[in-house]
Every structure is written in C-alpha cells, then in structure tokens.
Amino acid sequence: MALKEVLAKKIDEWRPRVTKLVKEYGNVKVDEVTIRQLYGGMRGIKCLTTDISYLDPYEGIRFRGYTIPECLEKLPKPPGKDIPYDEGHFYLLLTGDIPTEEDVADVKAEWSKRYRIPDYVKDILRAFPRDTEAMTMFSAAVVSMQRESKFFKTYQEGKLGKMTAWEPMYEDVMDLLPKMATIGAYIYRIKYRNDTPIEPDPDLDFGSNFAYMMGIPEPYDEVSRLYFLLHSDHESGNVSAHTGHLVASGLADIYYSISAMIDGLAGPLHGLANQETLKWIQKMMEDMNYQEPTKEALEKYCWDLLNSGQVIPGYGHAVLRKTDPRYMAQREYCLKHLPDDLTFKYVSMLFEVVPPILQKHGKAKNPWPNVDAHSGCIQWHYGVREYNFYTCLFSIGRSLGVCANIIWDRAVGQAIERPKSLTTDMLEEIAGIKK
Ligand code: HAX
C-alpha cells in the first residue's frame, strides 16, 4: 500500500482515541506550573503532544518507540551500506511502522520526481550577497516556494476541511522534503564552491543525492543518511520543532512553518551549537600546536572557559540527563571509520574530561555531551569545513520530523496555540508578596 493510503488508515484509527481523550477526559489534570517554570523557559511543563518521538531523560530519544540503535538495525538500507535510507526513517516517523524495502522504494520514487528546485529559487539565492548567512538563505529559499503550496491553495478555494486538511499538507511535505536536500547543497555549492551547483540525480536516495549534490564522494552518503536520521526529531518542545508546530497551528502551510523552523535552529543554544563546538575545539587544537591532546591540558582549557563565564559547547541539555545517544551513534561511526582523526581524538578526550568538571562546577543539570559535541568533527573530516553551513545540515534532518508532526497536527485537528500570559504584578499576587 502506498504511504498516503497507509497514513489515511492510521489517521482513521487514531482520531477516535484523541476525540475520546478530549471529550470524556478533557478535565483530567496533567501537570502543575510553577513560577520558576514560567521564567525558566517553561522547562518540564507537560503541555504538548506528539507521537512521532519521545525523549526519556535517561534513555534518550525513541523514534516511534524505537531507540537509535534499533532504527539503525531494523530500517532498510541501500545495498552494501550500513546506514538506513532516510526515506524509510520518514516512513517510520509518519506511520509508526518499520517499512519494507518496497515501502521505501515507493517513497524514494515519490521524492525522485521532486528534487528539482524552481529557477526562481535559484535566482533568489543568487541575489543574496555572498556573505549572507547560509541559514538566512535557507530560510528565505523555503519561504519563497510558498507560492507552490497546495495547502494554501486549498484554503483559498474554501475547500480546507478539518477532516481532510492533512491531505494537501501531506502533498506539500512530499514536495518540500526532497527539495530541502537540493536547496542545502545548492547554497553550499554557490557560496563555498565557486558557484558550481550540481543538479540532483533522481535515481539516488535522499542521503546519496545530498552527498552527490555536495560533490563529496562515498562514504559521505552514509554520513548524510546518519546525520539526517539522528537530527530528525527530538519531541515537540525544542525550539525548532516547537516553532514549526506553532506556526503551522495558525493554519500556515509547510513553507512558512519550515522556514520558521529553520530560523528557530539558528541560535547558539540550539542548532548553532554544533559549529560553536567545533570552533572551540579547533582553537584548542591550534593553541596546543596540533599535538595529541593530554588530559591535563584539556582540563585547564575547560576550567579557563568556565571561569570566564562561558558554557562548554556541546555539553548539557534541557531534558537529557545522560549521554545523548545521538552523540554515541556518531562516536561509534568515528571509532569505526576515523579513529586516527586528530579532531576526533580531542572530541573523545573531552568526553572523558568534561563531565567530571561540569559536575564539580555544579551548575549544569546534565554534565554529559549532546549531539552537537560530535557532529562538526565528522563533517570537517569529509571536507565540509565551512562552520556556518552546519546548521543547514541540521535543518535538513530536522525537517523530516517536523513535517511528520505537522501532518499529524492537521490529521488530529490540533488547535491554534494560544497559552495565557500573566504579568509580574499578578505573579507577585499569586506568590502572596503583594495584596
Ligand atoms: N557549560 C557550563 N555551564 C552550563 C552548561 C555547560 N555546557 N550547560 C548548562 N550550564 C549552566 C547554565 O548556563 C545554567 O547556569 P545559570 O544558572 O548561571 O544560568 C545552569 O548550568 C543550569 O542550566 P541547565 O538547567 O543545566 O540547562 P538549561 O536547560 O538551562 O540549558 C542548554 C540547556 C543545552 C542550553 C545548556 O546546557 C547549554 O547552554 N549547553 C551548551 C550549548 C549546547 O550544547 N547547546 C546544544 C543543545 C542541544 C541542542 O538543542 N541542539 O540543537
């Protein structure tokens, strides 16, 4: 059965569960909210729903109930390769089922028709001054394609029904996702490779096509598939996923929503952390004359950073309380494929050195590394050395999960988001400080 039919069946089965919860159990209390949480980025408040992924603080992410090692083992892979198709991972995110080879081939065939980006997108990208941030170009390219939206067209024609709204959203997602790889690679080639874009090859899978359009030989296809899978989703509350969901909740189409998601990734506490980490490590390597790292030298380096009031990039997490399994998956890749890479040796030794230091420092609730402590090192090894591009890679991966979430938002009729605000006066009253 084609993906859309499988999804339609799942949606029909799912809706009564949501309806029952809201109608019969709508007043059941889920959580309480404290003043600390209101000022503290709403940390830990249980106020969103998603079935695409769940982040356990001690176990890390599960995509549709599967851990990262389980996904890497169970999802279909291209012949002779170790890392699964992103097409199959998207199928899993969307349906909750591990796809067959045939299911993956269907998605691959759908995407292969849709890799090419319109000429006007190329013109827009070319019109940017070359020193424009890659993320700015990415966000603008995606929103520029809004005129293609079938969801928006359906709305304008007055045909957007609550029960059917997911269908044009699904079509938009299938149009946009393959283009995310093309836009990313296009920006890379015009900005950093002397304006030499490479057109997509429709016969290739998502990760291989990206590697091909980047102009980087194997095993960069494996690196790309792995990177996109690992970054695809992390529940709904992180800045990028939440921004995408929030914008879509106003019934904006996927182009507005994913452009906003990209903007949400751009900050140093979120998606930009991967380049900040690599920058920091490479400065450290330079200061140590590119010698093999020693524990003592790294310890001093970390304490100097902390004592200057800065955070150790790539360490800590708002939810996780153990080493991020996305970090571990990349570490395993490096142990297998690039054990002698000097940057990896630094990354590896920091893994030994930083957690005890952060514990001693006593501030960070989670002293362990997150995904961003590792990813830049692999990209650098394969020749992607333009730090500012790294968050674009994150954007391509994250769009897989955010798109799956937004289709389901429309399928179960998620309402427009509108939490309530309070003033400082009101909180002082609630706290009993002021009468
Ligand atoms: N180094 C030093 N101090 C740290 C720290 C780190 N890596 N992580 C947290 N802290 C500090 C915080 O700055 C905070 O200090 P103050 O009380 O003085 O403000 C204190 O510890 C408590 O913070 P927390 O509750 O443990 O962490 P938060 O939930 O507030 O923030 C962050 C989580 C990921 C933003 C944080 O750990 C951080 O800044 N890490 C470094 C940047 C980074 O790696 N970001 C990527 C995260 C993964 C991601 O989303 N990628 O997209």
Side-chain angles (χ1 to χ4, degrees), residues 43-44 53-63 65-73 82-83 89 223 226-235 237-241 268-278 280-281 284 293 295 298-299 301-303 305-306 310-339 341 343-381 390 393-394 397-398 401:
R43 198 74 81 256
S53 66
Y54 181 74
L55 179 57
D56 180 272
Y58 296 96
E59 192 192 46
I61 193 71
R62 275 181 186 261
F63 299 118
Y66 295 99
T67 63
I68 287 171
E70 284 167 351
C71 288
L72 294 177
E73 187 216 317
D82 291 333
I83 310 293
H89 183 59
V223 170
L226 178 66
Y227 191 98
F228 298 147
L229 185 152
L230 294 180
H231 289 78
S232 61
D233 207 36
H234 223 220
E235 279 188 1
N238 63 79
V239 174
S240 53
L269 297 187
H270 193 26
L272 201 78
N274 55 20
Q275 73 192 54
E276 293 301 315
T277 309
L278 187 61
W280 178 61
I281 292 173
M284 191 186 307
K295 244 179 141 179
L298 291 200
E299 277 168 0
Y301 216 91
C302 292
W303 277 116
L305 186 76
L306 287 172
Q310 294 177 66
V311 297
I312 299 201
Y315 281 74
H317 200 271
V319 179
L320 274 169
R321 294 296 174 257
K322 66 155 245 185
T323 297
D324 191 336
R326 301 173 299 175
Y327 175 95
M328 289 311 285
Q330 297 186 92
R331 178 172 166 77
E332 271 152 36
Y333 181 92
C334 289
L335 285 169
K336 191 167 168 195
H337 296 280
L338 39 133
D341 181 279
T343 317
F344 173 58
K345 287 186 180 172
Y346 275 75
V347 169
S348 217
M349 192 163 278
L350 284 168
F351 187 29
E352 276 181 52
V353 163
V354 175
I357 290 181
L358 281 179
Q359 276 160 340
K360 200 163 172 202
H361 186 242
K363 272 193 174 182
K365 294 190 188 70
N366 177 35
W368 305 104
N370 61 59
V371 66
D372 295 317
H374 218 308
S375 35
C377 145
I378 304 181
Q379 295 298 327
W380 183 271
H381 180 87
Y390 293 169
L393 298 169
F394 200 149
R398 184 50 52 94

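The residues of the chain are indexed from 1 along the displayed sequence.
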Could you tell me which non-hydrogen atom of [X] sits nearest to which non-hydrogen atom of [Y], and how far apart they are?
| X | Y | answer |
| --- | --- | --- |
| Trp368 | Arg321 | CD1-O, 3.8 Å |
| Thr277 | Gly314 | OG1-N, 3.6 Å |
| Leu320 | Gly60 | CD2-CA, 3.6 Å |
| Arg398 | His231 | NE-O, 3.0 Å |
| Pro325 | Ile68 | C-CD1, 4.0 Å |
| Ile357 | Val353 | CG1-O, 3.4 Å |

Taking C-beta and beyond as the side chain, do [X] and [Y] meet within less than 4.5 Å on heavy atoms?
| X | Y | answer |
| --- | --- | --- |
| Phe63 | Tyr54 | no |
| Ile378 | His374 | yes |
| Leu278 | Thr343 | yes |
| Trp380 | Ser375 | no |
| Pro355 | Tyr315 | yes |
| Pro313 | Leu305 | yes |
| Leu230 | Phe228 | no |
| Ile61 | Ser53 | yes |

Anything under 30° is parallel, anything over 60° is perpendicular, the rest tilted; go ahead and classify Phe351 against Tyr327.
->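 Ring orientation, 0 to 90° scale: tilted.
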
Any pair with a residue in residues 352-363 that passes side chain to side chain donor-acceptor pair (under 3.5 Å), sequence neighbours left out, goes on the list, sorted by first then second residue, please.
->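 Sorted result for residues 352-363: empty, none.
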
How far does [atom1] of [X] sit from [atom2] of [Y], to the nearest 0.5 angstrom?
| X | Y | atom1 | atom2 | answer |
| --- | --- | --- | --- | --- |
| Glu332 | Leu226 | CD | CG | 10.0 Å |
| Cys334 | Asp341 | SG | CG | 7.0 Å |
| Lys336 | Leu338 | NZ | CG | 12.0 Å |
| Leu229 | Ile83 | CG | CD1 | 8.0 Å |
| Lys345 | Ile281 | NZ | CD1 | 15.0 Å |

Step by step, would you call Leu350 with Met284 a side chain to side chain contact (heavy atoms under 4.5 Å, CB included)?
-> CA-CA 11 Å; Leu350 284 168; Met284 191 186 307; 4.2 Å; yes

Chi angles and distances behind the side-chain hydrogen bond (donor to acceptor under 3.5 Å, both in side chains) call for His270, Ser240 = CA-CA 8 Å; His270 193 26; Ser240 53; 3.0 Å; yes

CA sep, side-chain torsions, deciding dist, call: Arg331, Leu335, side chain to side chain contact (heavy atoms under 4.5 Å, CB included) | CA-CA 6 Å; Arg331 178 172 166 77; Leu335 285 169; 4.1 Å; yes

Going by atom types only, do Ser232 and His89 share a side-chain donor-acceptor pair under 3.5 Å?
->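 There is such a pair between these side chains.
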
Does a side chain donor of either Arg326 or Asn370 reach within less than 3.5 Å of an acceptor in the other side chain?
->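 Asn370 and Arg326 do not have a side-chain donor-acceptor pair below 3.5 Å.
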
Could you check Leu55 against His317 for side chain to side chain contact (heavy atoms under 4.5 Å, CB included), going step by step and ending with a plain yes or no?
-> CA-CA 12 Å; Leu55 179 57; His317 200 271; 4.0 Å; yes

Audit row: Phe394, Asp372, side chain to side chain contact (heavy atoms under 4.5 Å, CB included) steps and yes/no = CA-CA 10 Å; Phe394 200 149; Asp372 295 317; 4.0 Å; yes

With a 4.0 Å cut-off, would you call Glu70 and Arg62 a salt bridge?
->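 Yes.
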
Is the centre of the Phe344 ring less than 6.0 Å from the centre of the His381 ring?
->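 No - the distance between ring centres of Phe344 and His381 does not fall below the 6.0 Å cut-off.
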
Can any side-chain N or O of Glu276 pair as donor or acceptor with the backbone N or O of Pro268 at less than 3.5 Å?
->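 Looks like no, no N/O pair under 3.5 Å.
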
Who are the side-chain hydrogen bond (donor to acceptor under 3.5 Å, both in side chains) partners of Asn274, not counting sequence neighbours?
->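 For Asn274 the side-chain hydrogen bond (donor to acceptor under 3.5 Å, both in side chains) partners, ignoring immediate neighbours, are Tyr227.
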
